[in-house]
Undergrad: 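Sharing a structure with you now.
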Amino acid sequence: QVQLVESGGGLVQAGGSLRLSCAASGTIFSINAMGWYRQAPGKQRELVATITSSGSTDYADSVKGRFTLSRGNARYTVALEMNSLKPEDTAVYYCAAKAIPVRGMTVGDYWGQGTQVTVSA
């Protein structure tokens, strides 16, 4: 019912910046929250940043002050501005949404396919 499409991944040098975008589509009744998670090789997936429908944001301590998650101008979109990137930021980044589809009207978690972010030293 809900699909997430990510864009903006790539290769960047340490200290550089990158912007990730995510757009949700489908027969959506509402989206309660959207955000980004990441998973580095050999590590568990971890929260990067989330934003609720009310606009409240939450960031992992490791990215706080460097990353900014905001709502996009288009409906059901978010953008993650990543600044002062570090090699340890290298991971596959996944867009996620907690959404209610029209059909079923049940809250569910939805995930994008992931996009690779590589930060070179």
Side-chain angles (χ1 to χ4, degrees):
Q1 294 282 353
V2 180
Q3 297 81 43
L4 302 177
V5 178
E6 303 141 322
S7 62
L11 175 65
V12 65
Q13 293 184 2
S17 300
L18 208 60
R19 180 176 182 174
L20 304 182
S21 298
C22 178
S25 62
T27 53
I28 300 170
F29 176 76
S30 67
I31 293 182
N32 296 338
M34 293 185 69
W36 290 88
Y37 292 73
R38 67 186 182 187
Q39 187 168 24
K43 300 180 68 176
Q44 291 189 334
R45 188 175 300 184
E46 64 176 354
L47 180 147
V48 177
T50 59
I51 185 167
T52 68
S53 59
S54 64
S56 298
T57 55
D58 190 32
Y59 298 91
D61 290 339
S62 60
V63 307
K64 200 168 187 177
R66 299 187 298 118
F67 292 10
T68 302
L69 181 64
S70 61
R71 292 169 168 169
N73 291 329
R75 193 178 187 183
Y76 303 140
T77 61
V78 293
L80 182 67
E81 297 282 354
M82 303 185 294
N83 300 311
S84 301
L85 284 163
K86 304 174 181 179
E88 48 263 46
D89 294 319
T90 296
V92 177
Y93 284 69
Y94 297 89
C95 182
K98 186 175 293 293
I100 302 176
V102 171
R103 193 176 303 277
M105 295 293 289
T106 302
V107 176
D109 295 325
Y110 299 86
W111 296 87
Q113 73 283 357
T115 184
Q116 178 70 48
V117 172
T118 302
V119 184
S120 61

Undergrad: Could you list all the ring pair (Phe, Tyr, Trp, His ring centres under 6.0 Å) pairs where at least one residue sits in residues 4-37, not counting sequence neighbours?
TA: Tyr37-Trp111
Undergrad: Just verifying a value: how many Å separate Ser30 OG and Lys98 NZ, rounded to the nearest 0.5 Å?
TA: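 One finds 11.5 Å between OG of Ser30 and NZ of Lys98.
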Undergrad: For a quick test of reading the model, state the closest non-hydrogen atom pair linking Leu18 to Gly10 and the distance between them.
TA: CD2-N, 3.8 Å
Undergrad: Rounded at 0.5 Å granularity, tell me how far CD1 in Ile31 sits from CD1 in Ile51.
TA: 12.0 Å
Undergrad: Gln1 versus Val102: any side-chain heavy-atom pair under 4.5 Å?
TA: no
Undergrad: Which atom names give the shortest non-hydrogen contact between Leu47 and Ala49, and what distance separates them?
TA: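 Scanning both residues, the minimum pair turns out to be CD2-N, 3.7 Å.
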Undergrad: Search all heavy atoms of Cys95 against all heavy atoms of Leu4 and return the closest pair with its distance.
TA: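 Here Cys95 and Leu4 meet closest at O-CD1, 3.5 Å.
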Undergrad: Could you tell me the separation between the CZ atom of Arg19 and the CG atom of Asn83, rounded to the nearest 0.5 Å?
TA: 11.0 Å
Undergrad: Is there a path from Val63 to Val92 through hydrophobic residues (I, L, V, M, F, W, Y) whose side chains come within less than 4.5 Å of each other?
TA: no
Undergrad: Would you confirm whether Ser56, through its side chain, and Ser54, through its main-chain N or O, come within 3.5 Å as a donor-acceptor pair?
TA: no
Undergrad: The criterion is side-chain contact (heavy atoms from CB on, under 4.5 Å); which residues satisfy it with Val119, sequence neighbours excluded?
TA: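 Val12, Ala14, Leu85, Pro87, Asp89, Thr90, Val117.
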Undergrad: Taking all heavy atoms of Ser62 and all of Arg38, pick out the closest pair and write down the distance.
TA: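 Minimum heavy-atom separation between Ser62 and Arg38: OG-NH2, 3.3 Å.
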Undergrad: What are the two closest non-hydrogen atoms of Leu20 and Gly9, and how far apart are they?
TA: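 That would be CD2-N, 3.5 Å.
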Undergrad: In Å and rounded to the nearest 0.5 Å, what is the CG to CG distance from Asn32 to Asp109?
TA: 10.0 Å
Undergrad: Just how far is it from atom OG1 of Thr106 to atom CD1 of Ile100, taken to the nearest 0.5 Å?
TA: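 So the gap between those two atoms works out to 8.5 Å.
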Undergrad: Could you pull out all residues at least two apart from Gln39 that satisfy side-chain contact (heavy atoms from CB on, under 4.5 Å)?
TA: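 If we apply the side-chain contact (heavy atoms from CB on, under 4.5 Å) test to Gln39, skipping adjacent residues, the hits are Arg45, Tyr94.
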Undergrad: Provide the closest heavy-atom pair for Cys22 versus Met34 in the form atom of the first, atom of the second, distance.
TA: SG-CE, 3.9 Å
Undergrad: Kindly compute the distance separating OG1 (Thr118) from CG (Leu11), expressed to the nearest 0.5 Å.
TA: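 CG of Leu11 is found 6.0 Å from OG1 of Thr118.
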